[in-house]
Amino acid sequence: MKNEEIAKIFYDIALFLQMKDENVFKIRAYERTGQTIESLPTDIELLYKKGGIDALQELPGIGRAIAEKIEELLKTGKLQTFERLKKEIPVDIDGLRRVEGIGPRKILFLYKKLGIKSVAELEKAAKQGKISRLSGFGAKSQENILKGIEFLKKTKGRYLLGHIMPLATDIENRLKQLPFVRKAVISGSFRRRKETVGDIDILAISDKPEKVMDFFVSMPEVINVYGKGKTKTMVLLNNGIGADLRVVPEKSYAAALNYFTGSKDHNIALRRIAIHKRMKLSEYGLFKKGKNISGIDEKSLYGALGLKYIEPELRENAGEIEAAMQDKLPILIEYKSLKGDLQIQTNWTDGSNSIEEMAIAAKNYGLEYIAITDHTKTLAMINGLNEKKIAKQGKEIDILNKKLKGIKILKGAEVNILKNGKLDTKDSCLKELDIVGIAVHASFNQTKQEMTKRIITAMENEHVDILFHPTCRLIGKRPAIQLDIEKIIDIAKSTGTILEINSMPDRLDLKDEHIRMAVKAGVRLVIDTDAHSGYHFPFLELGIAQARRGWAEKKDIINAWPLKTMMKMIKI
DNA sequence: GCCGTTTTCGGCCCGACTGTTTTCAGTCG
């Protein structure tokens, strides 16, 4: 069994225990186990094989009882305790929990009172007005449930880029390594690095298309083959996403790649230019008087159309073609070019790793500096830090900075913005920090006017450097807060506040159009991971993709610069 | 359920906010 499968089981047990109103510390013990296993650098199965149950008990937060449960899972593939709980409360926890405002206690209550087991049943009951009649619920709760379900439906069928990227890239690499495949590249919205993708479109060049297709359908992840031909094969992968493979001859490569990368609007605009120049553009090539003049790659294809090469992330027909005509395309911030990360949580609050472990992971990833920005005191549930603890953490950071070479740790915090715009941490404490980030964590439903005023009030604090995940959206889970983003950008400009591009796969916040607005206004940005584990640093690439889709250049991104330069770019 | 120079039991953690209560339960991350 994989670490993440085992971790998921412990997280699920924690949820069941929450339903049953178990002792909160017992619940936390199970949650902590999930977190520990999830962020383990080695295979837990291997650990167990080497050191047995004793090795499991060596792990932090894992004692006799839980170690025995892990052993049972590794030996039998099942856990009796878990199976019993599932049988006792047979509900779709994952689905129901995704409805905003629905947690474990309500799931159990709804199951007991109305027998609700799934989101579909919940929706039906809400529509029939059954929810509002329950004690503890009311008209507003019922309305919020329906709103939450509506929101879920809208995002159904799309997958987070960050979640499918590892598998998609792996398949791409497997195809590339085949001796009879000359080129293989994922196209579609994946190549444009959209936040979510509907399916994986792969383009390959080969003289032996049948062999490529045979390989493709026999991959272990394939659970269904929708269709298989010489040029196109469509399959369903075991994680629920569809994958299409197209094999084209080399001479069509440039045009095919361009066509399958999209976007549709971008392609239509390109075809119009071709027609204007008495050419014809299709997925087979760019033809002038019947002759394919597309060349060997997309650069030559764009060139033949009289355009500078347009990066995939810009291909939305949102001004990029005009810019390419006038040679005014941005020089986009490059992948792997970040020097630091200014939002990181540690095990002082809800992160999995210590400050030192995070610093070493960051260094190994190639960063030169990081800011530790644990949550502040009003997020009590996750042990948010008060002024005293922040000062104490600062001392630990001083010691680590002396000890560690090649990575500089900055002192920071993710300060909670209260409902009225006040910060929950004293100025005298913030003054001592290198990086003060602020963020909204509650009262997401304020009106646009209230919310904008709230955030502006917070931004106007002289110690504040960065507004973290400005719109607070969780893709597919929670809509963005109501915010006058233009006004926020204005205030960012006048106060020198940096706006964040959060790289977490389900956040990606700011989003592309807001980034573009900020860039245009001359407001600086920072690409952070919001890492809660040392494994999260690769998510920075998603943040860079987001920045690129927002037309951001190196000059716009403060952490693309070395520490000294970066510090000059923030408020003093 | 875990942990231990406070060491085998008692602490771990203790706030804001909503929507529903008429004094509080549940969610948030």
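Letters A, B, ... are given to chains in the order of the sequence lines, protein chains preceding strands, and every chain is numbered from 1.
- Rounded to the nearest Å, the gap between the C1' atom of dC14(B) and that of dT27(B) is 16 Å.
- Taking atom C1' on both dT8(B) and dT21(B), the two are 42 Å apart, rounded to the nearest angstrom.
- Rounded to whole Å, the P atom of dC13(B) lies 14 Å from the corresponding atom of dC3(B).
- Taking atom P in both dG11(B) and dT6(B), one finds a spacing of 15 Å when rounded to whole Å.
- Nucleotide dT8(B) forms no Watson-Crick or G-U wobble pair with any nucleotide shown, as no partner meets the under 3.5 Å limit on both distances.
- The separation between Ile37(A) atom CD1 and dG1(B) atom C1' is 14 Å, rounded to whole Å.
- What separates CD of Gln35(A) from C1' of dG1(B) is a distance of 16 Å, to the nearest Å.
- Checking dC2(B), dT27(B), dG19(B) against every side-chain atom of Ala29(A), the shortest atom distance belongs to dC2(B).
- When distances run from any side-chain atom of Asp350(A) to the nucleotides dG26(B), dG29(B), dT20(B), the shortest one goes to dG29(B).
- Nucleic acid contact class of Ala14(A) (heavy atoms, under 4.0 Å, all strands): none.
- Counting to the nearest Å, the C1' atom of dC2(B) and the CD1 atom of Ile70(A) are 13 Å from each other.
- Considering only the side chain of Arg105(A), dT27(B) comes nearest among dT27(B), dG1(B), dC13(B).
- Among the heavy atoms of the strands, none lies under 4.0 Å from Ile27(A).
- Across dT20(B) and dG26(B), the matching C1' atoms stand 10 Å from one another, rounded to whole Å.
- Atom CG in Asp424(A) sits about 9 Å away from atom P in dA16(B), given to the nearest Å.
- A cation-pi arrangement, defined by a distance under 6.0 Å to the six-membered ring centre and an angle within 45 degrees of its axis, is absent between Lys113(A) and Phe137(A).
- Here Arg32(A) does not reach the OP1 or OP2 of dC12(B): none of its side-chain N or O atoms lies under 4.0 Å away.
- Across all strands shown, Leu379(A) has no heavy atoms under 4.0 Å from either base or sugar-phosphate atoms.
- For dG19(B), one of the phosphate oxygens OP1 or OP2 lies less than 4.0 angstrom from a side-chain nitrogen or oxygen of Asn144(A).
- Distances shorter than 4.0 Å separate some side-chain N or O of Lys419(A) from OP1 or OP2 on dT18(B).
- Closest-nucleotide positions on DNA chain B for Lys389(A) and Leu59(A) were compared, and the one nearer the 5' end corresponds to Leu59(A).
- Rounded to whole Å, the P atom of dT23(B) lies 29 Å from the corresponding atom of dG29(B).
- Atom-to-atom, CG of Leu110(A) to C1' of dG26(B) comes out at 12 Å; the value is rounded to the nearest Å.
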Determine, step by step, whether Glu356(A) and Lys403(A) satisfy the salt bridge (Lys or Arg N to Asp or Glu O under 4.0 Å) criterion, reporting the C-alpha distance in whole Å, the side-chain angles of both residues, the deciding distance to 0.1 Å, and the verdict. CA-CA 10 Å; Glu356(A) 184 169 8; Lys403(A) 182 177 157 190; 2.7 Å; yes
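- Each of Gln142(A) and Asn23(A) has a nearest nucleotide on DNA chain B; the 5'-most of these lies closest to Asn23(A).
- Exactly one of Thr376(A), Asn386(A), Asn416(A) qualifies for a side-chain hydrogen bond (donor to acceptor under 3.5 Å, both in side chains) with Asp424(A). That residue is Thr376(A).
- Only the C1' atoms considered, dA16(B) is 33 Å distant from dC9(B), to the nearest whole Å.
- Between Asp398(A) and Lys411(A), at least one side-chain nitrogen of the basic residue sits less than 4.0 Å from a carboxylate oxygen of the acidic one, meeting the salt-bridge criterion.
- Taking only side-chain nitrogens and oxygens, Ser443(A) comes nearer than 4.0 Å to OP1 or OP2 of dT18(B).
- The side chain of Thr378(A) lies closest to dA16(B), out of dA16(B), dC2(B), dG29(B).
- For Ser141(A) and dT20(B), the shortest distance from a side-chain N or O to OP1 or OP2 is below 4.0 Å.
- Taking atom CZ on Phe444(A) and atom C1' on dC28(B), their separation rounds to 7 Å, with Å as the unit.
- Going from atom CZ of Arg28(A) over to atom P of dC14(B) covers 9 Å, rounded to whole Å.
- Atom CG in Leu474(A) sits about 14 Å away from atom C1' in dT27(B), given to the nearest Å.
- Ring geometry, His375(A) versus His441(A): the interplanar angle exceeds 60°, so the pair is classed perpendicular (tilted spans 30 to 60°).
- Among the atoms of the strands shown, only primed sugar atoms or phosphate atoms (P, OP1, OP2) are found under 4.0 Å from some heavy atom of Arg478(A).
- Looking at heavy-atom distances under 4.0 Å, His375(A) makes contact with sugar-phosphate atoms alone, never a base.
- A 3.5 Å limit on both hydrogen-bonding distances identifies no Watson-Crick or G-U partner for dC14(B).
- The two residues Lys336(A) and Ile544(A) make their nearest non-hydrogen contact at N-CD1, 3.7 Å.
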Pair Asp512(A)-Arg548(A), salt bridge (Lys or Arg N to Asp or Glu O under 4.0 Å): steps then yes or no: CA-CA 8 Å; Asp512(A) 49 7; Arg548(A) 287 166 65 89; over 6 Å; no
